[in-house]
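Here is the structure we will look at, set down as structure tokens.
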Amino acid sequence: MTRVEQQLQLFDHIVVIRKAYVEKMNKALLQFGLSSSQWLVLKIIVKKQSTTLVEIAKLRNIEKPTATKIIQFLIQHQFIESCIGEDKRSKLLTPTQKGCDIYKEIMIMIESVQTNHLKHIDDKTLETINLALSQIKFNE
């Protein structure tokens, strides 16, 4: 197989895996009242413990209005809270206890799903795949 054919096949695999994974996660996250996009924002906020809308939009590579809708949902459902930061123009987003608790529950579920799907891939191969994927650049 030529390099071009391998490249095409790699991106085809990525698209198929991403679609299947997002569908599976959305179904699994329903029991927690979240979509995968809401979960990914909550995960950032819990991991960072304090962040802003601008930083979330940048990290998730989403538009600010999209981030705003997700953040409003998370605040409304008491997963996060918003408070005025040192710079009064920006609001800091922090997780609530409910947000931290649900984060832990979801991480257990996700670890189980991921472990199940990767059970036939040995540690060395997984490390190689992660290294290769981390070297793909789109912002150059």
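- Applying the salt bridge (charged side-chain N to carboxylate O under 4.0 Å, His left out) test to residues at least two apart or on different chains, none of the pairs has a partner in residues 102-126.
- Under the rule for a ring pair (Phe, Tyr, Trp, His ring centres under 6.0 Å), the partners of Phe73 that lie at least two apart in sequence or sit in another chain are His77.
- Glu127 CD: 12 or fewer foreign heavy atoms inside a 6.0 Å radius.
- Listed by chain and number, the residues in a side chain to side chain donor-acceptor pair (under 3.5 Å) with Ser37 are Ser35 (sequence neighbours excluded).
- Qualifying side chain to side chain donor-acceptor pair (under 3.5 Å) partners for Glu81, counting only residues two or more places apart in sequence or in other chains: none.
- Partners of Thr2 by side chain to side chain donor-acceptor pair (under 3.5 Å), not counting sequence neighbours, listed by chain and number: Glu5.
- Nearest heavy-atom pair, Leu126 versus Ile121, reported as atom, atom and distance to 0.1 Å: N-CG2, 3.7 Å.
- When hydrophobic side chains of Ile, Leu, Val, Met, Phe, Trp and Tyr are connected at separations under 4.5 Å, Val4 ends up clustered with Leu8.
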CA sep, side-chain torsions, deciding dist, call: Ile106, Leu34, side-chain contact (heavy atoms from CB on, under 4.5 Å): CA-CA 10 Å; Ile106 292 172; Leu34 293 170; 3.7 Å; yes
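- Counting heavy atoms from C-beta outward, Gln72 and Ile75 have side chains that stay 4.5 Å or more apart.
- Checked against side chain to side chain donor-acceptor pair (under 3.5 Å), Lys27 has no partners two or more places apart in sequence or in another chain.
- The stretch residues 15-39 participates, sequence neighbours left out, in these ring pair (Phe, Tyr, Trp, His ring centres under 6.0 Å) pairs: Trp39-Tyr103.
- Residues satisfying the side chain to side chain contact (heavy atoms under 4.5 Å, CB included) criterion with Gln97, sequence neighbours excluded, are Cys100, Asp101.
- Every residue two or more places apart in sequence or in another chain that forms a side chain to side chain contact (heavy atoms under 4.5 Å, CB included) with Leu131 is listed here: Ser134, Gln135.
- For Val22, the side chain to side chain contact (heavy atoms under 4.5 Å, CB included) partners at least two apart in sequence or on another chain are Arg18, Asn26, Ser36.
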Got a list of side-chain donor-acceptor pairs under 3.5 Å for residues 52-63, not counting sequence neighbours?
{"residue": "Thr52", "atom": "OG1", "partner": "Glu55", "partner atom": "N", "Å": "3.2"}
{"residue": "Glu55", "atom": "OE1", "partner": "Thr51", "partner atom": "OG1", "Å": "2.7"}
{"residue": "Glu55", "atom": "OE2", "partner": "Lys48", "partner atom": "NZ", "Å": "3.2"}

